[in-house]
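Please read the structure below before turning to the comments.
Ligands are counted one by one from 1 in listed order, and the atoms in each one are counted from 1 as well. Remember, it's a predicted structure, so these values are computed and weren't measured experimentally. Computed over heavy atoms, backbone and side chain alike; hydrogens, waters and symmetry mates excluded.
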Amino acid sequence: MNLLEDPWVPVTAGDEPQQITLEELLCSDVSYALSHRRDDMEMAALQLLVCLVQAILTPEDDRNLLLRLEKPLDRDRYRRAAEAKKSWFDLNHQTTPFMQDRDAKDQNVTGIQKLLPGLPEGDETACLFNNKDDIQCLCPSCAAIALFNQATGAPSFGGGFKDPLRKANPITTLVFDADLRRMIWQNILPSDFIRNRFASHNDQRRDEPNWVDKITAGEKLNTSRIGLVRGLFWQPASLLLSWERERDTCSGCGAEAGMRVRFFGKRKFAYTLEGPLWPHPHSPRVLAKEKWFPVTYSNDIPPWARFSDIMIDSDEKEPALVLQHYRAIAPHSPLVLSVGGYSNKQALITRRHHDMITIGAGWPEHIDDIHGRVRLALAYGEMLEKKLYGFGENCSKNGKSFKANARDLFFQRTEALMHQSLQETKWDEEKAFCLDLAEKLEQVCRDIFEEVTTPYLSQPKGLKAYSITQRTLTKAMKDLRKPLEE
Ligand SMILES: [Zn+2]
């Protein structure tokens, strides 16, 4: 199957899910939306589409990009672009199979389920919702998406296999649009934006994926020499899918296909990466101790609370390049962000994430205002955690669990309020808005405090701890509100 020619994009146009070609998606005026049973596969399919279009149809500048957004692409224009690069994107190519390596044939043969992050791999890891043999076979579409997802956004297979170029569990942030064709273009970077940011763009050096321009075992590579296309499709592992010409129902998406894959070979392949973290255009980065790190998921912090890490541009923080670029082309519309990734403990995936955040129109100019709202809410959350920690220590020497409970409840109860707050656009009344937000946050904190402490009021220790904490809580909330009232 060739990703530039054959139908594989899992979509719906409001009816039955189907697989269409990239040409149909980019060149027709039908409004399609992605559709897959697994939310992480849907997010990965979007990223794969963005990377494919970036690789074959990079527009020269914003003017060209806006034309692409406006109307579907001419079919001849698409076919010429696809023809030039099609040997890179054939899943079963004789010499350069997509994201694979023929040298991995029959090596360390593994069940295909291992390509889908977070599914159990043996009897002992099966759980209530997933069995070790849920995924028996994949259709070419699911196999391509899973291969890409594993290589670019999930932890390595462990045991000496390398992590993706942007490390084990990066947060991906992409611009969302209900129309898939438009959504892809909104996440594409034009040549003039890329030029000084990536090696080998528009110069004589090659910018080819690493299954075409291969690296050799033991090689030392510098990340600053990795071009945009090479980095977007970086395959850290050496593997090969085993295709069977057999009609079967895909256990990934439920589609009937004439080809299936049940196993893949994987070969240990060592190389060394030197230099700074490659600036992946779909992920934010943070600087710590003079080194760049990817922003990753940690615990169960909701994405609104990560606003600073994914949206703020400073000396220590860098939002994904697609957002830095999008800021310039659409400053007057709201920004809908699709945020996704995995939480992990080493090679084990503990949770899948896929969330949406909407940020009100005018956000590029008012980013500090929005950040202020987020910081205000986080300050209330932290204060509540501290107070309930103190209460827990005073009445049962169990501060830690009170603190964790306070945190969970605070994030649950403020989710809707904070999503609304990110969308508010009455910029002239920002101060009044923040004061109102502070009052609502106080109410949430008070309610949680009462709820958590009530069961302890029948004990003398509990009653005493309650009255101390109630007093300090009121004082702390007053202090938080004070700067807003001045
Ligand atoms: Zn499938």
Side-chain angles (χ1 to χ4, degrees), residues 1-26 30 32-53 89-93 97-100 109-121 129-154 157 172 180-181 183-184 233 235 237 239-266 338 340 342 349 352 354:
M1 184 196 71
N2 193 303
L3 293 168
L4 302 184
E5 297 180 328
D6 297 313
W8 69 272
V9 186
V11 294
T12 167
D15 46 10
E16 286 292 292
Q18 52 174 320
Q19 294 181 357
I20 61 167
T21 61
L22 183 55
E23 178 182 323
E24 165 66 15
L25 177 61
L26 296 179
V30 179
Y32 292 106
L34 277 171
S35 170
H36 199 283
R37 285 179 187 171
R38 278 178 64 120
D39 54 353
D40 58 339
M41 288 286 276
E42 222 169 76
M43 182 87 181
L46 169 62
Q47 280 185 79
L48 173 54
L49 287 164
V50 170
C51 293
L52 286 170
V53 173
F89 299 111
D90 189 327
L91 275 170
N92 206 8
H93 194 274
F98 174 69
M99 296 197 100
Q100 299 160 81
V109 173
T110 309
I112 198 67
Q113 177 147 313
K114 180 100 178 165
L115 267 194
L116 296 172
L119 288 185
E121 291 149 24
F129 302 107
N130 298 111
N131 289 310
K132 70 174 171 31
D133 49 7
D134 269 1
I135 303 289
Q136 300 273 9
C137 75
L138 290 182
C139 70
S141 164
C142 287
I145 300 166
L147 194 60
F148 173 81
N149 184 48
Q150 165 65 37
T152 62
F157 299 117
T172 297
L180 179 56
R181 186 188 70 80
M183 173 151 67
I184 292 170
F233 286 101
Q235 172 54 279
L239 40 95
L240 185 70
L241 303 175
S242 315
W243 292 104
E244 295 166 302
R245 198 167 286 284
E246 194 78 44
R247 195 142 203 95
D248 210 337
T249 307
C250 171
S251 18
C253 69
E256 281 264 330
M259 294 280 278
R260 70 172 185 195
V261 55
R262 293 185 298 153
F263 301 99
F264 65 100
K266 62 183 198 302
S338 186
Y342 302 100
I349 302 285
R352 306 201 305 244
H354 190 187

message: Are Pro97 and Asn92 packed together at the side-chain level, in the sense that at least one heavy-atom pair is separated by less than 4.5 angstrom?
response: no

task: Count, excluding waters, the protein N, O or S atoms that are closer to the Zn ion (ligand 1) than 2.8 Å.
output: 4

message: With heavy-atom distances below 4.5 Å as the criterion, would you say the side chains of Leu115 and Cys142 are in contact?
response: no

message: Side chains of Pro7 and Thr21, heavy atoms from C-beta outward: is any pair under 4.5 Å?
response: yes

- prompt: Under 3.5 Å, is there a donor-acceptor pair between the Glu256 and Thr249 side chains?
  reply: yes

- prompt: Would you call the rings of Phe98 and Phe233 parallel, tilted or perpendicular if under 30° counts as parallel and over 60° as perpendicular?
  reply: perpendicular

query: Under a 4.5 Å cut-off applied to non-hydrogen side-chain atoms, are His93 and Gln100 in contact?
result: no

